[in-house]
Protein chains: 2
Amino acid sequence: MTLTGFLPVTDVTACCNPIAREAISAGNATNLAKSLRALADPARIRLISMVAAHEDAEACVCDLTEPLGLGQPTVSHHLKILVDAGFLSRTKRGTWAYYRLIPGSLDSVARLLVTV
Amino acid sequence: MTLTGFLPVTDVTACCNPIAREAISAGNATNLAKSLRALADPARIRLISMVAAHEDAEACVCDLTEPLGLGQPTVSHHLKILVDAGFLSRTKRGTWAYYRLIPGSLDSVARLLVTV
DNA sequence: CACCAACATTGACAAACGTCGATATCGTCG
DNA sequence: CGACGATATCGACGTTTGTCAATGTTGGTG
């Protein structure tokens, strides 16, 4: 299980029923695990949360570094993982890179976990 | 971030709003990350899925080892992580240990991810 | 009691991860 | 053009992870 070689999360989750409803295939389990792994870090959860809750629902790296308490390269690293996994989008305007939550991306993961 | 020192997932998720609704605290992000980390492995996703989909919604280690293609100690290891994280319960009957999905545990994680 | 089967625990090892400092890239402003 | 500011990439490091073989534990059975 590496964090490299993602499918965007919406592709991953278009595949199957909630995992508790019927036995998931090995391949789909691997894909879902990759998406979850991208989320399974405190810094990345906070990044998603901060981006979504930020003014205009977008934020640049400079908005995130200080409140997160991590260095700029580390923040860029985490953001890249979230972009590659399909949770965030990146838009460059001037010198700044603005990140946004991709609508529905978290929901498609949630849909696979839910049992009701 | 270690996989040891869990709170049961239902405690973790009783804490807060969906992460995209308002900025999550560092502590709650750490707890949610621990729960997600317990799920973020292909073998463990398949275990949850197989247990939930199994006859009578329970399964023993011997039911899981062979279809999963992993050794018995490895399967026990993964099951312990899922029990500690509050996703599975363990009941011993005779020589066998039966695992069940704890109702609502997956849903409480899903509730924190969902945005709609 | 002695043996066996199911499961848990331990110890070891390679692979992957999170973080950082240093450096590279790219757009802006003088 | 040259300097600067925001961000990305690289290389390195200590830590955590997933897996296995070997061993321990516990309950049933002869």
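Since we're looking at a predicted model, the values are computed, not measured. Lettering of chains follows the sequences in order, A, B, ..., and the numbering in each one begins at 1.
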Working to the nearest 0.5 Å, report the span between CG of A:Leu68 and OG1 of A:Thr74.
9.0 Å
With side chain to side chain contact (heavy atoms under 4.5 Å, CB included) as the criterion, how do B:Ile81 and B:Asp41 come out once you've worked through the C-alpha distance, each side chain's angles and the decisive distance to 0.1 Å?
CA-CA 11 Å; B:Ile81 288 175; B:Asp41 180 271; over 6 Å; no
Round to a whole Å and report the spacing from NZ of B:Lys34 to P of C:dG18.
15 Å
Taking 4.0 Å as the cut-off, does a side-chain nitrogen or oxygen of A:Arg37 come that near to OP1 or OP2 on C:dA16?
no
Would you mind classifying the nucleic acid contact of A:Tyr99 as base, sugar-phosphate or nothing, using non-hydrogen atoms under 4.0 angstrom?
sugar-phosphate
May I have the distance from B:Arg90 (atom CZ) to C:dA6 (atom P), rounded to whole angstrom?
15 Å
Before you tell me yes or no, could you show the steps for A:Asn28 and A:Leu112 under side chain to side chain contact (heavy atoms under 4.5 Å, CB included), namely the whole-Å CA-CA distance, both residues' side-chain angles and the distance that decides it to 0.1 Å?
CA-CA 11 Å; A:Asn28 288 335; A:Leu112 290 184; over 6 Å; no
Relative to the 5' end of DNA chain C, which residue comes earlier, A:Leu70 or B:Cys60, by the nucleotide with the nearest heavy atom?
B:Cys60
Output yes when at least one side-chain N/O atom of A:His78 is less than 4.0 Å from OP1 or OP2 of C:dC17, else no.
no
Atom-pair distance (CG on B:Leu79; C1' on C:dA6), nearest Å:
13 Å
Give the cluster check for B:Leu82 versus A:Val114: same hydrophobic cluster or not, with ILVMFWY residues linked at side-chain heavy-atom distances below 4.5 Å.
no
Mind checking if B:His77 touches a base, just sugar-phosphate, or nothing, with heavy atoms under 4.0 Å?
base
Using side chain to side chain contact (heavy atoms under 4.5 Å, CB included), reason through A:Leu32 and B:Leu39 one step at a time and then give a plain yes or no.
CA-CA 9 Å; A:Leu32 175 55; B:Leu39 294 177; over 6 Å; no
Measure from CG on B:Leu64 to P on C:dA8 and round the result to the nearest Å.
11 Å
Identify all side-chain donor-acceptor contacts of residues 49-62 of chain B below 3.5 Å with residues at least two apart in sequence or on another chain.
residue : atom : partner  : partner atom : Å
B:Ser49 : OG   : A:Ile19  : O            : 2.7
B:Ser49 : OG   : A:Glu22  : O            : 3.0
B:Ser49 : OG   : A:Ile24  : N            : 2.9
B:His54 : ND1  : B:Glu58  : O            : 2.8
B:Glu58 : OE1  : B:Arg100 : NE           : 3.4
B:Glu58 : OE2  : B:Arg93  : NH2          : 2.8

Just do the side chain to side chain contact (heavy atoms under 4.5 Å, CB included) check on B:Ser76 and B:Lys80 with the steps written out, would you?
CA-CA 6 Å; B:Ser76 282; B:Lys80 178 172 169 45; over 6 Å; no
Could you state the atom-to-atom distance from NZ of B:Lys80 to P of D:dG18 in whole Å?
14 Å
Atom-pair distance (CG on B:Asp41; C1' on D:dT17), nearest Å
9 Å
Residues of residues 47-55 of chain A with any non-hydrogen atom less than 4.0 angstrom from an atom of DNA chain C: list those, numerically ordered, please.
none
Could you run down nucleotides 21-30 of chain C 5' to 3' and tag each one B, S or - for protein heavy-atom contact under 4.0 Å?
BB----SS--
Whole-Å gap separating P (C:dA16) and CG (A:Leu36)
19 Å
Can B:Tyr98 be reached from B:Ile48 by stepping across I, L, V, M, F, W or Y side chains whose heavy atoms are under 4.5 Å apart?
no
Any donor and acceptor pair, going by atom type alone, linking the side chain of A:Arg44 with main-chain N or O of B:Ala33 inside 3.5 Å?
no
